[in-house]
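One is the number of the first residue; the rest follow in order along the sequence. Counting starts at 1 for both ligands and their atoms, in listed order.
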Amino acid sequence: MKPYIYITRKLPDALVKPLQEKYTVNMWKHDDIPVPKDVLREEAKKADALFTVLADSIDKSVLTAGENLKVVANLAVGFDNIDLTTASEKGIAICNTPDVLTDTTADLTFALLMATARRIVEAAEYVKAGKWQSWSPFLLAGHDLHHKTLGIVGMGKIGETVAKRGTGFDMNILYYNRTRKPEAEKQLGVSYTAFDELVEKSDFIICLTPLTPETKNLFTREVFQKMKPSAIFINASRGAVVDEQALYEALKAGEIAGAGLDVFQKEPITADHPLLQLPNVVALPHIGSSSTETRTAMIKLCMENICSILDGKEPKTLVNKDWRPLVNRS
Ligand code: DGY
């Protein structure tokens with residue numbers, strides 16, 4: 001019997017074809033509606049491999065639903081939606097998609113920074129609404145980026161690549177990370193700074209840290225109150241790193257000047273979300289890595305990882321480094 005692969009979102013046929021030539025492949029019928037949990041569990045019961053997305057919760061109930069599951073390939077660099085401990089216990093390899101999305105996600109993060117600082121969305125809506133009556137000295141005046149201080153919280157590959165973008169704008173770049181990055185300091189001229197100091201000194205604070213128990217709700221009201229009143233906060237990592245109510249209150253009270261958000265605590269958000277009522281918030285639907293080229297590369301990498309595991313080879317991008325395949329399994 002051919003190994004069985006379940007894919008939790010509808011993907012373009014041309015991309016799935018190579019997998020179909022080797023395996024039995026079943027795919028959820030929608031690309032924009034999540035697969036219901038009971039369907040996912042039923043599929044996991046029979047599957048040798050799952051191809052998942054960050055909106056799927058791959059918890060114990062999914063990982064222990066069947067006996068054949070050998071690999072979960074998650075279409076994201078982040079893997080906070082997956083129970084890694086159970087996966088390793090069950091001999092299930094968890095794979096992600098780092099590297100191929102670094103530049104694209106850094107581009108989007110920088111675009112969000114620029115859009116928020118220079119009020120691009122507000123300005124475009126203003127023109128489309130026919131509100132532009134005449135040239136005016138301070139019409140939709142925003143904040144300069146160049147020669148300002150950029151604080152990056154979370155200096156992984158994406159953080160470093162955002163810093164690289166910042167050097168092109170002659171920015172003074174501070175970073176905070178669990179571990180220091182001497183190489184990045186040398187190459188990019190970035191300065192390691194304690195979290196509180198970074199928050200106090202930066203004109204723009206970009207959050208790119210992964211979601212872990214340590215970073216959950218890292219950005220509290222107290223943290224926002226330490227920022228400059230002119231500061232702009234950007235989040236392109238995970239929504240749960242920020243206390244959203246605190247961010248709303250800080251923006252409302254004028255404690256910071258604006259926010260650009262690609263991620264939210266509970267996605268998708270609806271139009272009545274409090275943060276969307278504020279004119280100084282630019283909100284995006286979690287599209288950090290969403291370019292056609294990069295999403296295609298991410299899909300191919302997930303498929304390559306699935307094939308490697310099913311062929312008994314090392315996957316290219318393994319997350320749970322303590323993973324060992326279970327012996328005596330079909
Ligand atoms: C990721 O890969 O974790 C991103 O959030 C997806 O855009």
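Closest to atom 1 (C) of ligand 1, if we only count protein heavy atoms, is Val77 N, 3.4 Å. Ranking protein heavy atoms by distance to atom 6 (C) of ligand 1, first place goes to Ser289 OG, 3.5 Å. At the top of the distance list for atom 4 (C) of ligand 1, counting protein heavy atoms only, stands His286 NE2, 3.7 Å.
By the 30° and 60° cut-offs, the orientation of the rings of His273 relative to Phe264 is perpendicular.
For Leu54, every heavy-atom contact with ligand 1 shorter than 4.0 Å involves the side chain, none the backbone. Residue contacts with ligand 1, taken as heavy atom pairs separated by less than 4.0 Å, involve Leu101 solely via side-chain atoms from C-beta onward.
Remark: of the listed residues Arg180, Lys186, Lys181, Lys186 is the sole one forming a salt bridge (Lys or Arg N to Asp or Glu O under 4.0 Å) with Glu183.
Near Arg295, meaning under 4.0 Å from any of its heavy atoms, are these atoms of ligand 1: 7 (O). Near Ala76, with a cut-off below 4.0 Å to any heavy atom, the atoms of ligand 1 are 1 (C), 2 (O), 3 (O).
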Trace of the side-chain hydrogen bond (donor to acceptor under 3.5 Å, both in side chains) decision for Glu43 with Tyr4: CA-CA 9 Å; Glu43 291 294 342; Tyr4 180 76; 2.4 Å; yes
Using side-chain hydrogen bond (donor to acceptor under 3.5 Å, both in side chains), reason through Asn305 and Thr317 one step at a time and then give a plain yes or no. CA-CA 7 Å; Asn305 282 327; Thr317 52; 2.8 Å; yes
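Below 3.5 Å of separation, one finds an N or O of Arg238 facing an N or O of ligand 1. On a distance-only criterion, Gly78 and ligand 1 share at least one N/O pair closer than 3.5 Å. Checking only distances, Ile287 never comes within under 3.5 Å of ligand 1, N or O to N or O. Close N/O approach between Thr97 and ligand 1 is not found [any backbone or side-chain N/O within under 3.5 Å].
Between Phe219 and Phe195, the gap from one ring centroid to the other is short of 6.0 Å. Centroid-to-centroid, the aromatic rings of Tyr6 and Phe51 stay 6.0 Å apart or farther.
Using a 4.5 Å cut-off on side-chain heavy atoms (C-beta onward), Leu63 and Ile58 make contact. Within the 4.5 Å cutoff, no side-chain heavy atoms of Phe204 are placed close to those of Ile152.
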